[in-house]
Amino acid sequence: MTADGLVLHAEDVHKRFGRLEVLRGISLDVRRGEVVVVIGPSGSGKSTFLRCINHLEKIDGGRIEVNGHLIGYRERDGKLVEDSEKNIARQRAEIGMVFQRFNLFPHMTALENVVEAPIRVRRTPAPQARRQGEALLERVGLDDKRDVYPGKLSGGQQQRVAIARALAMNPALMLFDEPTSALDPETIGEVLDVMKGLALDFKTTMIVVTHEMGFAREVGDRVVMMDEGRIIEEGTPEHFFREPREARTKQFLSKILV
Amino acid sequence: MDLLAAVDWHVIWQRIFHPDHVFARALWTTVYIAVLAQLLGILLGLIAALFRMSRIWPLKFLSAAYVLVFRGTPVIVQIFFVYYGANLLFGFTLIPNSLDFGLFQLGGAAIAGILALGINEGAYMREIIRAGIDAIDKGQMEAARSLGMTYRLAMRRIVLPQAARVIVPPLGNEFNNMLKTTSLLFFIGVYELFGDADVHYSTTFQPVEFFLAVSFWYLMLTTGWTLIQAQIEKRLAVSERGDELSFRERVAEAWQPMGAWARGAR
């Protein structure tokens, strides 16, 4: 972490897929312990921005720093060159990510999913990793499911294992990419509860792409509205509930706040 | 039944139920050559598949050239080429006259045969393995990398173990073919099942008896393998249903009939 408490510093980030410009200059700072909720219509670039933060997507312009370290690139003679695979992997280990479709490893049990990266990437001794893994599964309320394969778990349970898996690396920043949009309505609550717990009890720094405005209101410090690759409005959750400034924001909120 | 009158059923009976020692060796030769060649094929296929997906173009090219050449020429030519030509081509003894592994010796022809069949097989395995890897959801690689895994580690721990399940059925068919293709090695002097039959035929002039009997043995090998393969597939499918067995336990169980069979044979 930097002296000013900045976990994420994104500056004028650009990204294009072929001719399509998906991100047109995104700048965002996130401080330690902050919960930032990103909203916006589909195709606005929210997920792409999240994926750029851990370099799953290369950026075409601007810079992203996590804990003061440039992500995915090194500076050489004032120019940015892509970093080595090892260094990028090391940086990713500091950034947890939770996916819309969970992406659990289906050939491993819940506990094996959680301990895999600590053991293989961090070289944590297996017994210690298991103890920590069991504690994490308990934290997400799944200590009784540790030897169960993902195929036998409900969507909500799978997503909670995925959260535990990301937390096992003790990341400085957690990214949630629409974590509840692939879930049945009944199981959304259990996942949101876990995320609220992280925010309130553990002061986890997180960026959450979601349309769950209830979640934003309860634990969000800031809401960011994206449209067409830009941040068009930023403010407290209350601001978005009471007096959104942009017409585009009002229109969007009227659709998701039914 | 004039048609079958000339058949000496006793000879067939003998070949099937009272095989002699020489025959047993020929059967064993067929089996170990098929297994070793298939293993070599899997290894080469895996390397070629990874080369194919590499960002380094010479590796891509090498992989493409390999498949082009070895799928595009007859395997019998490849066998002859390796056996008669490899040492001359490379100017040193690539194929030794024999190798002694203590438990069993490999003759030069068998070594050449395993190499040729294995290299040929690798070209086919490349496609099978690549299709298996392609079948795994891209999200798996992304999740692995988001946890700080390098490409290699993610491949080894996450993608390949899952791809293995997709690969097993076509791999089984390949091995079935391999069991039969080993018969071509008789042409470079490997004494295997077909060779044994041919030697008996040329001394007795009883083609029906000996080729019928050897067909029976090939059928035994291929059906035996089909049963083993079915067991492997069944066990590998277990985790799809979410049963609570680790991957290692499942593989062990898949091979358990083999172990039981081996114990019974001893």
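A note on names: the letters A, B, ... follow the listed sequences, proteins ahead of strands, and every chain is numbered from 1. Here the structure is a predicted model, which means the values were calculated and not measured.
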Student: Can you name the residues of residues 83-98 of chain A that have some heavy atom under 4.5 Å away from a heavy atom in chain B?
Tutor: A/Glu85, A/Ala89, A/Arg92, A/Ala93, A/Ile95, A/Met97
Student: Do side-chain atoms of B/Thr30 reach the backbone of B/Leu193 as a donor and acceptor pair under 3.5 angstrom?
Tutor: yes
Student: Grab the two heavy atoms, one from B/Met125 and one from B/Ile167, that are nearest each other, plus how far apart they are.
Tutor: CE-CG2, 4.3 Å
Student: For A/Arg120, is it the side chain, the backbone, both or neither that has a heavy atom under 4.5 Å from a heavy atom of chain B?
Tutor: both
Student: Which members of residues 31-55 of chain B, sorted by number, sit under 4.5 angstrom from chain A on a heavy-atom basis?
Tutor: B/Arg55
Student: Using only atom types and a distance under 3.5 Å, with no angle test, would you say the side chain of B/Glu174 pairs donor to acceptor with the backbone of B/Pro170?
Tutor: no
Student: Ignoring hydrogens, what is the shortest heavy-atom contact between A/Thr109 and A/Asp147? Give both atom names and the distance.
Tutor: CG2-O, 3.6 Å
Student: Without swapping roles, check the side chain of A/Thr180 against the backbone of A/Leu183 for a donor-acceptor pair under 3.5 Å.
Tutor: no
Student: Roughly how far, to the nearest 0.5 Å, is the CD atom of A/Glu65 from the NE2 atom of A/His9?
Tutor: 5.5 Å
Student: To the nearest 0.5 Å, how far apart are CD in B/Gln78 and CD1 in B/Ile119?
Tutor: 8.5 Å
Student: Does A/Val161 reach the side chain of A/Phe102, with side-chain heavy atoms less than 4.5 Å apart?
Tutor: no
Student: Show the nearest heavy-atom pair for residues A/Leu137 and A/Ala164, with the distance to one decimal.
Tutor: CD2-CB, 4.2 Å
Student: Of all the heavy-atom pairs spanning A/Ala168 and A/Leu136, show the shortest one and how long it is.
Tutor: CA-CD1, 3.4 Å
Student: Are any side-chain N or O atoms of A/Glu138 and backbone N or O atoms of A/Asp143, one a donor and one an acceptor, separated by less than 3.5 Å?
Tutor: no
Student: Would you mind checking which part of A/Phe105 comes under 4.5 Å of any heavy atom in chain B, side chain (CB onward), backbone (N, CA, C, O), both or neither?
Tutor: both
Student: Please confirm whether the backbone N or O of B/Leu59 pairs with a side-chain atom of B/Ser63, one donor and one acceptor, at under 3.5 Å?
Tutor: no
Student: Report yes or no: does B/Tyr218 contribute a side-chain atom to a donor-acceptor pair with the main-chain N or O of B/Leu179 at less than 3.5 Å?
Tutor: no
Student: What residues of residues 44-57 of chain A make heavy-atom contacts with chain B at a cutoff under 4.5 angstrom?
Tutor: A/Arg51, A/Asn54, A/Leu56
Student: By number, which residues in residues 126-139 of chain B have some heavy atom less than 4.5 Å away from chain A?
Tutor: B/Asp137, B/Gly139
Student: Can you tell me if A/Gln128 uses its side chain to pair, donor with acceptor, with the backbone of A/Pro125 under 3.5 Å?
Tutor: no
Student: Please give me the minimum heavy-atom distance between A/Pro106 and A/Tyr149, naming the atom from each residue.
Tutor: O-CD2, 3.6 Å
Student: What closest approach, in Å, do A/Ala129 and A/Ile119 show between heavy atoms, and which atom pair accounts for it?
Tutor: CB-CG1, 3.6 Å
Student: Hey, is the main chain of A/Leu104 close enough, under 3.5 Å, to the side chain of B/Gln140 for a donor-acceptor pair?
Tutor: yes
Student: Going by an N to O cut-off under 4.0 Å, is there a salt bridge joining A/Glu75 and A/Arg63?
Tutor: yes
Student: With only heavy atoms counted, which part of B/Leu153 is less than 4.5 Å from chain A, the side chain, the backbone, both or neither?
Tutor: side chain
